[in-house]
Number of protein chains: 2
Amino acid sequence: MGIDNALLPVAPVFLKSLRDHVYGLVRDAILSGRLKSGEKLNERHLAGQLGISTTPLKEALRVLEAEGLVRSEPRRGIYVTFNAGQAEEMMLARAALESMIARQAAKRVKDEDVALMRELIVEMRAGLMTVDVLQLIALNERFHNVIHEASGCGYLRRLQGGQSIYTHAARLSVLSEERERFLAVEEHEAIANAIADRDPDLAERLMRDHVIRSGEKHLIRVSEA
Amino acid sequence: MGIDNALLPVAPVFLKSLRDHVYGLVRDAILSGRLKSGEKLNERHLAGQLGISTTPLKEALRVLEAEGLVRSEPRRGIYVTFNAGQAEEMMLARAALESMIARQAAKRVKDEDVALMRELIVEMRAGLMTVDVLQLIALNERFHNVIHEASGCGYLRRLQGGQSIYTHAARLSVLSEERERFLAVEEHEAIANAIADRDPDLAERLMRDHVIRSGEKHLIRVSEA
DNA sequence: ATCTGAAATTTGATATATCAATTTAAAACG
DNA sequence: CGTTTTAAATTGATATATCAAATTTCAGAT
């Protein structure tokens, strides 16, 4: 705890490697539709455009390929593969994985985790009135994180994290609806209760339905934009 | 349909890029335990050992990192991350995704798909007697493929495929047990019926239970070896 | 004009070189 | 001796060069 703590961290872009930075740039471009499905990505052009060499770009493209956002035809090129159908499938994947995590959480949850969930639910209820959407988004994330931690499933959590496609704008937009805010809190509370009751089947089902229902709403917003 | 068809394809190793080949080598080494969890992978050494440059190796390692089999500490190195716990989580991921696929299949299945499933079930029943394990493995794969096709979920299918960790030897070993063969066919038939009845909830649940139950058996075999 | 095929060009795949952060080794200091 | 500094070696990250497959261009034949 020396003088070092007086310094703020540098801008995030400098903390990431070029490879990771470029990965994020291309991923965003694909998910936001700036790079359209079927479009060919020329390695040299893209690297030149980004002002980097092809090495970190190639690595970033491999990761995107592993994630299924681009498809590589050997010795021919890489093509963007992302459309509304795949967006929906990614949402379903998230539902499947998140609900499996909830199932495991219901098996392993500790009393302190339950207490934490309950606290967050109370905060959410309070937040419903204040209409601070940013705070509600943060609370939602913390709630899901508690479940992730309780599940002890690091791999599933990681895999699930890869299925996030909604922008901050989309989240904001969806939670701006009062009805949606109300529904989300209701569903979260039901999930918390199922986990607290150590009921894996119910927790899994409720989580799946929650992710799919709210996911469909997000997808509509995204397709409208 | 010219003279070309007279030629057999060259050995698969020559069809794959170095990158893909190396990816498979390292992946196998990790899953089989020859590369132990926590072990550091030195890029230059490994590339030299394989007789290739670091470029394709780095790309392969990125893919493995995206899959969660290695962890990269920026500017420090890459470390293998795979253990029994993660193997179990990968099995759970497979169960989650495969059951979501079954759910979608139950919604979209066409009569011809149902007919195909039924045919395969009949063959499996017949195969139970002949005890040709190889054929049974092939039938199992075809059965799951029919469901995948019926679901129309290319992305989920792809993601699910990444969760395969069992070797051919493990499959062989598990299906050598008569009781396991019997159980598998029973479960497959129940799943086929649920899908034929267009019952997404049941299909999902049966598929999940099937993958978890048989998966646990595989995991035991793997941990024994 | 259209088709064929060879030459030129493009470009993904691979190899090598350079850079900079990290680790290790060694030296200096107490 | 043990601790801290500093220099050397290692190595991941990035850049550049080379190779070979695929595509394009265009001359020449029909």
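So that the names make sense, note that chain A is the first sequence line, chain B the second, and so on, each numbered from 1.
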- Message: Counting the atoms with a prime plus P, OP1 and OP2 as sugar-phosphate, which does B/Ile78 contact under 4.0 Å by heavy atoms, base, sugar-phosphate, or nothing?
- Response: nothing
- Quick one: is B/Lys58 getting a side-chain N or O under 4.0 Å of the D/dG12 phosphate, OP1 or OP2? no
- Identify whether any heavy atom of A/Leu41 sits under 4.0 Å from a base atom; if not, whether one sits that close to sugar-phosphate; answer base, sugar-phosphate or nothing. sugar-phosphate
- Item | A/Glu88: partners by salt bridge (charged side-chain N to carboxylate O under 4.0 Å, His left out), with sequence neighbours left out | none
- Output for pair (B/Leu206 CG, B/Arg103 CZ), nearest 0.5 Å, gives 12.5 Å
- Message: I'd like to know if B/Thr55 reaches the base of C/dA15 with its side chain, counting only an N/O donor and acceptor under 3.5 Å.
- Response: yes
- Which residue lies more 5' along DNA chain C, comparing B/Lys40 with A/Arg75 via nearest heavy atoms: A/Arg75
- Message: Ring-plane angle category for B/His188 and B/His144, please: parallel below 30°, perpendicular beyond 60°, tilted otherwise.
- Response: perpendicular
- Query: Any side-chain N or O of A/Arg62 under 4.0 Å from OP1/OP2 of C/dA13?
  - Reply: yes
- Does B/Lys58 pair with B/Glu43 as a salt bridge, N-O distance under 4.0 Å? yes
- Task: Starting from P on D/dT14, measure out to NE2 on A/His21 and report it in whole angstrom.
- Result: 11 Å
- Message: So, OP1 or OP2 of C/dT14: does either fall under 4.0 Å of a side-chain N or O from B/Ser53?
- Response: no
